[in-house]
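Remarks on the structure that follows.
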Amino acid sequence: MKKSCIAMLLAGGQGSRLYALTQNVAKPSVPFGGKYRIIDFPLSNCANSGIDTVGVLTQYKPLQLNSYIGTGQPWDLDVSDGGVYILPPYLGAHEQGSWFTGTANAIFQNLAFIENYDPDNVLILSGDHIYKMDYADMLREHLEHDAALTIAVQQVSLEEATRMGIMNVGDNGYVCEFEEKPKHPKSDLASMGIYIFNWQKLRKYLIEDDADPNSSKDFGKNIIPNMLNNGEKLWPYRFKGYWRDVGTITSLWDANMDMLSTTLINLYDPDWPISSRSPVCPPHYTGKDAEIIHSIVTEGCEIEGHVENSVLSPSVRVGKGAKVLYSVLMPGATVEPGAVVEYAIVGENSTIKAGAHVGTEPDGSEGWGVATCGPDVTIPAGAVVPAAAMIYSGEEV
């Protein structure tokens, strides 16, 4: 069962900043880009990178996520000598047990799973990022620089750097300092929350961290600073492709709008497919008066109205005379005749009744294209907006 590298995917987040969309599902289960769910991206990256053993650490509302992943077949991860495994918190016979109390604790609770494969290296991933990355390239740099830990980083603006974990690099190219949300950043290299650890080093630091009653059990707050303080080699892997953390409503909407541009992230690359467990639906249908402009429309959709600069998930319905503008409609959403939805996210199986108006164009956005301004309104899953109602920013359904 010896493996060169296995992946551990942290997918248990409640997603409190996405709460309108995560009341009943974990954040990695949230629909994205019409055809996908957020977790499809790290799982596809693993499969495309040749990493065939993935532990998925679940915690909050795991049922839909567990069912969605199944045996891992859509991502070619249903292999006999590896595969994808759901790893929830558990209660031992002689232990108190607990929920995962931090990112490091989540991995610590699964030491036995990792040891079963005796890997040389362990890849730690987050379940709420949208990106395409060849982890094999990152692993290659990790080995070439004899690193105890390699951290994926991306250049950001200095303004953005004040909201992120920043890696400062010494003259030798290795990380010499880590700053969490610095007021005056010394560097523009932001951590992406993607790590490759030498397994024996990681095991040592996790055991020591678990024994520390004052630790937050977190990689950024505890494990990485402890490794730096002990003089371990930490290498920054500079990633230059598309990457978004979709942990907020605004970032989720922005990333969906990015899907309308093939220059930002190419989903049509046959050499790096993003796979998903797609529902069985008929082809999408457009009526004689339908108008679809610069939008993603997936299987099972029935379009009778006007759709522009929007992302429509499977089985969405847009009635006659209805308008959907700069919006994200999740699976099963219905916009009845004459209703208007603009600059909004509409949750799964929600209904916008006839004549209702949801959302409004941001001030000063005339001539605006697909850019980053965020949605005006988010409609929770299963909600019903009454006929002729008007729902604008800050109002609740």
Side-chain angles (χ1 to χ4, degrees), residues 7-11 13 18 21 25-54 56 64-65 67-79 82-84 123-139 152 154 192-194 239-247 251-281 284 295-301 310-316 328-331 348 370:
M8 299 293 280
L9 175 51
L10 299 167
L18 290 177
L21 304 172
V25 298
K27 183 164 50 174
S29 292
V30 171
F32 176 81
K35 187 178 178 64
Y36 309 100
R37 300 206 175 240
I38 296 172
I39 199 168
D40 287 328
F41 287 80
L43 286 177
S44 296
N45 287 336
C46 284
N48 294 333
S49 300
I51 295 175
D52 63 4
T53 304
V54 183
V56 180
Q64 187 183 70
L65 184 63
S67 176
Y68 183 77
I69 293 173
T71 63
Q73 184 272 333
W75 307 274
D76 290 331
L77 291 172
D78 54 338
V79 295
V84 59
L123 170 66
I124 308 293
L125 303 171
S126 173
D128 56 358
H129 298 164
I130 303 298
Y131 65 113
K132 293 164 62 176
M133 177 189 287
D134 189 345
Y135 302 135
D137 285 344
M138 183 176 174
L139 179 59
Q154 191 170 58
M192 298 167 62
I194 300 169
F239 179 68
K240 298 181 180 179
Y242 178 91
W243 174 81
R244 271 195 188 274
D245 180 336
V246 288
S251 62
L252 178 66
W253 183 87
D254 287 342
N256 271 280
M257 292 296 104
D258 288 345
M259 295 300 102
L260 299 176
S261 170
T262 57
T263 62
L264 290 174
I265 181 168
N266 181 11
L267 299 178
Y268 302 92
D269 182 359
D271 296 326
W272 203 269
I274 302 299
S275 303
S276 68
R277 187 180 295 279
S278 299
V280 178
C281 299
H284 77 265
S295 296
I296 292 172
V297 178
T298 50
E299 59 265 37
C301 289
S310 295
V311 176
L312 274 57
S313 301
S315 301
V316 164
V328 179
L329 273 58
M330 295 190 170
E348 293 187 70
V370 176

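Reckoned from all heavy atoms, side chains included, excluding hydrogens, waters and symmetry mates.
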Discussion item. Determine whether the aromatic ring centres of residues Trp75 and Tyr68 are separated by less than 6.0 angstrom.
Written reply: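 Centroid separation for Tyr68 and Trp75: below 6.0 Å.
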
Worksheet item: Looking at the rings of Tyr36 and Phe41, which for Trp means the six-membered one, are their centres under 6.0 Å apart?
Response: yes

Response to the item:
From the list Ile265, Asp258, Asp128, side-chain contact (heavy atoms from CB on, under 4.5 Å) partner of Arg244 resolves to Asp258

For the student: nearest non-hydrogen atoms of [X] and [Y], plus distance:
| X | Y | answer |
| --- | --- | --- |
| Gly72 | Val84 | CA-CG1, 3.4 Å |
| Met330 | Glu348 | CB-N, 3.7 Å |
| Ser251 | Gly247 | OG-N, 3.4 Å |
| Tyr131 | Pro42 | OH-CB, 4.4 Å |
| Thr298 | Pro314 | OG1-N, 2.9 Å |
| Asp52 | Leu77 | CA-CD2, 3.9 Å |

Test item: [X] side-chain N/O and [Y] main-chain N/O as donor-acceptor pair under 3.5 Å:
| X | Y | result |
| --- | --- | --- |
| Asn45 | Asp134 | no |
| Asp78 | Gly83 | no |
| Thr53 | Gly82 | no |
| Gln73 | Arg277 | no |
| Ser313 | Pro31 | no |
| Ser29 | Val25 | no |
| Asp40 | Arg37 | yes |
| Ser275 | Ser44 | no |

With a 4.5 Å heavy-atom cut-off, do [X] and [Y] have their side chains touching?
| X | Y | answer |
| --- | --- | --- |
| Leu312 | His284 | no |
| Ser261 | Leu264 | yes |
| Val311 | Leu329 | no |
| Phe239 | Met192 | yes |

Item to complete: Output, in order, the C-alpha distance, side-chain angles, deciding distance and verdict of side chain to side chain contact (heavy atoms under 4.5 Å, CB included) for Ile296 and Leu260.
Response: CA-CA 7 Å; Ile296 292 172; Leu260 299 176; 3.8 Å; yes

Interatomic distance, [X] atom [atom1] to [Y] atom [atom2] [nearest 0.5 angstrom]:
| X | Y | atom1 | atom2 | value |
| --- | --- | --- | --- | --- |
| Ile274 | Asn266 | CD1 | CG | 10.0 Å |
| Gln154 | Tyr242 | CD | OH | 10.0 Å |
| Asn48 | Trp272 | CG | CH2 | 5.0 Å |
| Ser49 | Leu139 | OG | CG | 9.5 Å |
| Leu9 | Ile51 | CG | CD1 | 11.5 Å |
| Phe32 | Leu252 | CZ | CG | 7.0 Å |

Practice prompt. Starting from the C-alpha separation in whole Å, work towards a yes-or-no answer on side chain to side chain contact (heavy atoms under 4.5 Å, CB included) for Leu267 and Met259.
Written response: CA-CA 8 Å; Leu267 299 178; Met259 295 300 102; 3.7 Å; yes

Practice prompt. Determine, stepwise, if the pair Leu10 / Leu125 fulfils side chain to side chain contact (heavy atoms under 4.5 Å, CB included).
Written response: CA-CA 6 Å; Leu10 299 167; Leu125 303 171; over 6 Å; no

Discussion item. Pair Met138, Ile194 - check side chain to side chain contact (heavy atoms under 4.5 Å, CB included), show working.
Written reply: CA-CA 10 Å; Met138 183 176 174; Ile194 300 169; 4.0 Å; yes

